[in-house]
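All remarks here apply to the structure that follows.
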Amino acid sequence: MKNVPLAIDVVEAKTSKIDSVDFENLIFGNVFADHMMECDYKDGQWQNPVIKPYGPIQLEPSAKVFHYGQAIFEGMKAFKDDDDDVWLFRPMANIKRFNKSSVRLAIPEFPEDLFLEGLETLLNLDRDWIKKGFGNSLYIRPFVIATETGVSASPSNAYKFMIICSPAKAYYSGEVRVFFSDKYSRAADGGVGYAKAAGNYGAQFYPTNLAKAEGYQQIVWTDANSHEYLEEAGTMNIFFRVGDKLLTAPTSDRILDGVTRKSVLTLAEEYGIEAEVRRITVSEIVEAAEKGELKEIFGAGTAATINPVKGFGNKGKRYELPELENSYASFFKKKLMEIQYNKTEDKFGWRYLVKKD
Ligand SMILES: *Cc1c(COP(=O)(O)O)cnc(C)c1O
């Protein structure tokens with residue numbers, strides 16, 4: 001293979017859209033910052049990375065991504081502290097997971113150093129899109145799609161890697177009630193549940209709509225074989241608090257290895273909160289709820305950080321959770337945000353300073 005240039009070409013936007021954006025009333029993931037990164041894979045290698053104004057891309061209708069869903073993505077955030085420094089949270093965990101997802105979808109891995117360098121260059125160009133203040137962030141969406149033309153069902157030999165960024169306010173999703181799935185499944189043994197494969201999400205929309213019609217906002221997926229074990233929510237890992245003990249399922253083929261999840265487990269250990277990582281049955285959670293021992297359920301994921309759950313439904317019965325003064329959910333959210341916004345020491349080395357160029 002001949003070497004191709006991997007220096008990033010930067011084409012700056014002539015004008016910025018930033019003045020047309022109402023940063024006080026952002027809807028999650030609806031507006032995009034001025035620039036994006038793009039890099040194509042062809043002839044067996046990633047080549048010609050470019051950062052350029054955000055805008056449409058052109059693909060042929062026969063591009064394989066449209067037919068076979070060969071596509072994966074990531075979700076990460078950048079935060080600005082009081083001194084205008086910009087920080088990422090455990091970015092290498094996302095970059096490594098991006099490539100793990102790619103491998104499962106037969107997509108060539110993207111060079112880690114080029115990913116990080118491109119992201120930092122992009123964030124520096126769009127620094128003004130990252131607002132200060134707790135809860136404000138820039139949501140980062142890296143993804144890769146299969147671009148080879150032709151509808152034969154075989155892996156593509158051409159791909160497009162991109163990073164787009166969207167300013168976000170504190171994510172408040174309203175009161176969340178979840179439904180324990182007893183029919184549909186998100187992932188199976190040997191499948192792609194652990195990957196951020198595009199198709200995993202599209203496949204959840206229909207069952208989630210059915211749950212919405214019953215007054216639930218999200219589904220907690222159970223194991224596909226028996227529907228007896230609680231696994232995770234659609235885009236979040238899930239935690240239960242029974243008494244003062246925290247419970248979450250182990251990661252597996254079916255469960256995404258969330259960065260927020262593993263950070264919560266580390267913080268639990270640090271602050272002496274007993275946590276068990278093991279399979280959790282629907283029946284033990286229902287029983288704990290009936291005895292008044294189920295104190296909390298919360299989701300953990302980059303978009304919302306920690307998302308408290310107000311109640312759940314199982315087999316036609318509804319359960320409400322108590323209002324707590326000192327919830328684990330708010331404790332972990334605060335601890336995570338203090339690290340993310342550079343308000344506290346970073347004992348675990350999770351913060352990553354975006355180098356100014
Ligand atoms: C992205 C995602 C999560 C959360 O992962 P984070 O790294 O914490 O953002 C959990 N479950 C699923 C299915 C996901 O796609």
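Numbering of ligands and ligand atoms starts at 1, following listing order. Since this is a predicted model, take the numbers as computed values, not measurements.
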Residue pairs passing the side chain to side chain donor-acceptor pair (under 3.5 Å) test where at least one lies in residues 93-105, sequence neighbours excluded: Glu74-Asn94, Glu74-Arg97, Lys96-Glu112
Tracing side-chain links under 4.5 Å among I, L, V, M, F, W and Y, which residues wind up in one group with Tyr68? Val151
Protein N/O near ligand 1 N/O, under 3.5 Å, which pairs?
| unit_1 | atom_1 | unit_2 | atom_2 | d |
| --- | --- | --- | --- | --- |
| ligand 1 | 7 (O) | Arg97 | NH1 | 2.8 |
| ligand 1 | 7 (O) | Arg97 | NH2 | 3.0 |
| ligand 1 | 7 (O) | Val259 | N | 2.8 |
| ligand 1 | 8 (O) | Val259 | N | 3.3 |
| ligand 1 | 8 (O) | Thr260 | N | 2.9 |
| ligand 1 | 8 (O) | Thr260 | OG1 | 2.6 |
| ligand 1 | 9 (O) | Thr302 | N | 2.9 |
| ligand 1 | 9 (O) | Thr302 | OG1 | 2.6 |
| ligand 1 | 11 (N) | Glu232 | OE1 | 2.6 |
| ligand 1 | 15 (O) | Lys196 | NZ | 2.7 |
| ligand 1 | 15 (O) | Tyr201 | OH | 2.4 |

Just to verify, what does Phe115 make a ring pair (Phe, Tyr, Trp, His ring centres under 6.0 Å) with, not counting sequence neighbours? Phe98, Phe161
Strictly distance-based, threshold 3.5 Å: is any side-chain N or O of Tyr341 a donor or acceptor partner for the main-chain N or O of Leu336? no
Positive for salt bridge (Lys or Arg N to Asp or Glu O under 4.0 Å) with Asp84, one of Lys132, Lys131, Lys356: Lys132
SB check Arg241 Glu276 (cutoff 4.0 Å): no
